[in-house]
Amino acid sequence: MATAVASQVAVSAPAGSDRGLRSSGIQGSNNISFSNKSWVGTTLAWESKATRPRHANKVLCMSVQQASESKVAVKPLDLESANEPPLNTYKPKEPYTATIVSVERIVGPKAPGETCHIVIDHGGNVPYWEGQSYGIIPPGENPKKPGAPHNVRLYSIASTRYGDSFDGRTTSLCVRRAVYYDPETGKEDPSKNGVCSNFLCNSKPGDKVKVTGPSGKIMLLPEEDPNATHIMIATGTGVAPFRGYLRRMFMEDVPKYRFGGLAWLFLGVANTDSLLYDEEFTSYLKQYPDNFRYDKALSREQKNKNAGKMYVQDKIEEYSDEIFKLLDGGAHIYFCGLKGMMPGIQDTLKKVAEQRGESWEQKLSQLKKNKQWHVEVY
């Protein structure tokens with residue numbers, strides 16, 4: 001459910017934006033911003049010049065400030081007490097009206113398209129778990145159903161249950177603006193732009209937004225074994241749920257979940273300027289080198305072994321022996337992004353399995369049976 005830059009996977013649909021029915025702050029402060037400026041109304045004990053972002057056009061999503069310090073306290077801890085995830089607390093006919101806290105562009109100037117990190121205040125009334133999605137109902141009338149509201153668009157949540165403010169009152173979305181260009185003229189046609197993604201990316205602090213959900217169970221982070229291995233494969237804004245996982249593992253001080261395993265993130269985007277939450281992930285790499293690995297596939301800047309564009313499936317092939325051994329040992333593997341990512345990945349995994357003398361169909365069946373295989377594409 002989260003979103004992806006199309007070029008990484010050789011498909012042309014925009015990612016992170018509208019997917020029809022399926023699209024992908026600091027505690028104590030009322031003024032939250034992620035760009036290269038101060039937070040008003042709060043003093044950051046861990047803030048130093050050395051940890052400020054290097055350039056203003058990339059978002060600093062809170063964590064770089066904390067990267068070299070102890071984990072961050074979260075509240076309320078009763079968010080840990082439920083045995084089952086919340087599901088569909090708010091339905092399309094009776095959505096919850098939340099408030100936009102901030103909208104920040106999180107890609108550089110050379111990125112194809114615009115992706116925004118959007119923080120929404122739900123007041124603690126729409127709790128969720130990592131890996132779930134929120135539904136958003138954009139304002140206006142459904143053109144296919146005069147008099148009726150727009151359909152719900154689903155977006156993967158890009159924060160932990162405590163949100164970017166660590167107080168359980170906000171959620172974050174990672175949204176790529178869907179813009180349509182006429183193939184004949186090459187000009188933008190606003191009438192065909194994504195309704196919901198443009199509404200969200202154009203929103204201002206204080207704007208109201210209708211929220212449904214949360215929904216989804218397939219991408220929930222299994223926490224029974226805190227020393228498990230989690231292999232996360234994302235294209236573009238498909239990285240959203242993984243940002244939530246990694247913040248829970250490496251940033252937050254969660255008494256019930258002390259991660260001691262391996263988290264391995266593969267992220268496919270077009271170029272360096274398209275990287276999402278890169279400062280955040282790089283900080284984990286420095287802080288937890290034994291527990292986190294981070295590999296990037298930059299399709300417009302890197303070449304694969306055949307001198308073609310480097311897609312995420314090429315990175316998977318590069319580390320295939322290690323990945324297969326980890327899967328044999330019980331590792332969980334997750335895929336999130338445009339559905340166009342999966343055929344190439346499946347072909348790569350099948351080829352590797354055959355080279356190892358294994359049947360991919362049997363292996364995949366076993367992974368699904370063991371609940372090690374988690375896919376959410378749109």
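Predicted model only: the values in this text are computed from it and were never measured.
For the pair Lys110 and Glu301, the salt-bridge criterion is not met [side-chain N within less than 4.0 Å of a carboxylate O]. Arg247 has a carboxylate O that lies under 4.0 Å from a charged side-chain N of Glu280, or vice versa, which qualifies the two as a salt bridge. Between Asp253 and Arg258 there is a salt bridge, since a side-chain N of the basic residue sits under 4.0 Å from a carboxylate O of the acidic one. One finds a salt bridge joining Lys315 and Glu318 here, because a Lys/Arg side-chain nitrogen approaches an Asp/Glu carboxylate oxygen to under 4.0 Å. Using a 4.0 Å cut-off between a side-chain N of Lys or Arg and a carboxylate O of Asp or Glu, Asp321 and Arg356 qualify as a salt bridge. A salt bridge does not link Arg300 with Asp273: every distance from a Lys NZ or Arg NE/NH1/NH2 to an Asp or Glu carboxylate oxygen is 4.0 Å or more.
Between the CG atom of Leu200 and the CD1 atom of Ile118 there is a distance of 4.5 Å, given to the nearest 0.5 Å. To the nearest 0.5 Å, the span separating CH2 on Trp373 from NZ on Lys368 amounts to 7.5 Å. Atoms OG1 and CG, from Thr272 and Leu298 in turn, are 5.0 Å apart once rounded to the nearest 0.5 Å. In this structure, CZ on Phe266 lies 10.5 Å from CD1 on Ile345, to the nearest 0.5 angstrom. Here Met249 contributes atom CE and Tyr257 contributes atom OH; the two are 4.0 Å apart, rounded to the nearest 0.5 Å. To the nearest 0.5 Å, the span separating SG on Cys116 from CD1 on Ile106 amounts to 7.5 Å.
More than 12 non-hydrogen atoms from other residues, nucleotides or ligands lie less than 6.0 angstrom from CD of Glu361. More than 12 heavy atoms of other residues, nucleotides or ligands shown are found within 6.0 angstrom of NZ on Lys363.
A distance of 6.0 Å or more separates the ring centres of His230 and Phe242.
The shortest side-chain heavy-atom distance between Met251 and Thr160 does not fall under the 4.5 Å cut-off. The shortest distance between side-chain heavy atoms of Lys351 and Ser320 does not fall below 4.5 Å. Put simply, the side chain of Pro226 does not reach to within 4.5 Å of the side chain of Lys256, judged on heavy atoms. Counting only heavy atoms from C-beta outward, the side chains of Arg161 and Glu80 approach each other to under 4.5 Å. Side-chain atoms of Tyr334 and Pro241, non-hydrogen and from C-beta on, never get closer than 4.5 Å to each other. Side-chain contact between Phe292 and Leu265: present, with at least one pair of heavy atoms (C-beta onward) separated by less than 4.5 Å.
Residues Asp278 and Tyr294 bring a donor and an acceptor atom of their side chains to less than 3.5 Å of each other. When only modelled atom types and interatomic distance are considered, Arg177 and Asn202 share a side-chain donor-acceptor pair under 3.5 Å. If you check the side chains of Glu94 and Tyr90, you find no donor sitting under 3.5 Å from an acceptor. Between the side chains of Ser159 and Tyr128, a donor-acceptor pair is found at a separation under 3.5 Å.
Closest approach of Ser102 to Pro205, counting heavy atoms only: CA-CG, 4.4 Å. A pairwise comparison of heavy atoms in Leu276 and Leu267 identifies O-CD2, 4.1 Å as the closest pair. In terms of heavy-atom proximity, Ser215 sits nearest to Asn88 at CB-OD1, 4.0 Å. Heavy atoms only, all atoms of each residue included: Ala98 and Val211 are closest at CB-CG2, 4.0 Å. Smallest separation of non-hydrogen atoms from Thr170 and Asp164: OG1-N, 3.4 Å. Closest approach of Asn271 and Ser274 over heavy atoms only: OD1-OG, 2.7 Å.
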Next on the checklist: The test is side-chain contact (heavy atoms from CB on, under 4.5 Å); show your working for Ile120 and Ile100 and say whether it passes.
Outcome noted: CA-CA 5 Å; Ile120 298 172; Ile100 297 290; 4.0 Å; yes
Next on the checklist: Determine whether Phe259 and Arg248 satisfy the following criterion, side-chain contact (heavy atoms from CB on, under 4.5 Å), listing intermediate values before the conclusion.
Outcome noted: CA-CA 9 Å; Phe259 182 66; Arg248 186 162 174 84; over 6 Å; no
Next on the checklist: Is there a side-chain contact (heavy atoms from CB on, under 4.5 Å) between Lys309 and Asp314? Walk through the geometry before answering.
Outcome noted: CA-CA 9 Å; Lys309 291 183 176 182; Asp314 299 310; over 6 Å; no
Checklist entry - So Leu326 and Leu262, side-chain contact (heavy atoms from CB on, under 4.5 Å) or not? Walk me through it. => result CA-CA 10 Å; Leu326 290 170; Leu262 173 65; 4.3 Å; yes
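At a threshold of 4.5 Å between side-chain heavy atoms, the hydrophobic network of Ile, Leu, Val, Met, Phe, Trp and Tyr places Tyr162 and Trp129 in two separate groups. The hydrophobic cluster containing Leu220 does not contain Ile231, counting ILVMFWY residues as joined when their side-chain heavy atoms lie under 4.5 angstrom apart, directly or transitively.
Judged by distance alone, the side chain of Asp167 and the main-chain N or O of Arg169 form a donor-acceptor pair under 3.5 Å.
Ring planes of His332 and His374: tilted class, angle from 30 to 60°. Ring orientation note: the planes of His122 and Tyr134 are nearly perpendicular, at an angle over 60° on the 30°/60° scale. Using cut-offs of 30° and 60° on the angle between ring planes, the pair Trp264 and Tyr319 is perpendicular.
Of the residues Asp295, Leu349, Ile333, the one that meets the side chain to side chain contact (heavy atoms under 4.5 Å, CB included) test with Ile316 is Leu349. For the side chain to side chain contact (heavy atoms under 4.5 Å, CB included) criterion with His150, the lone passing option out of Cys196, Pro139, Pro143 is Pro143.
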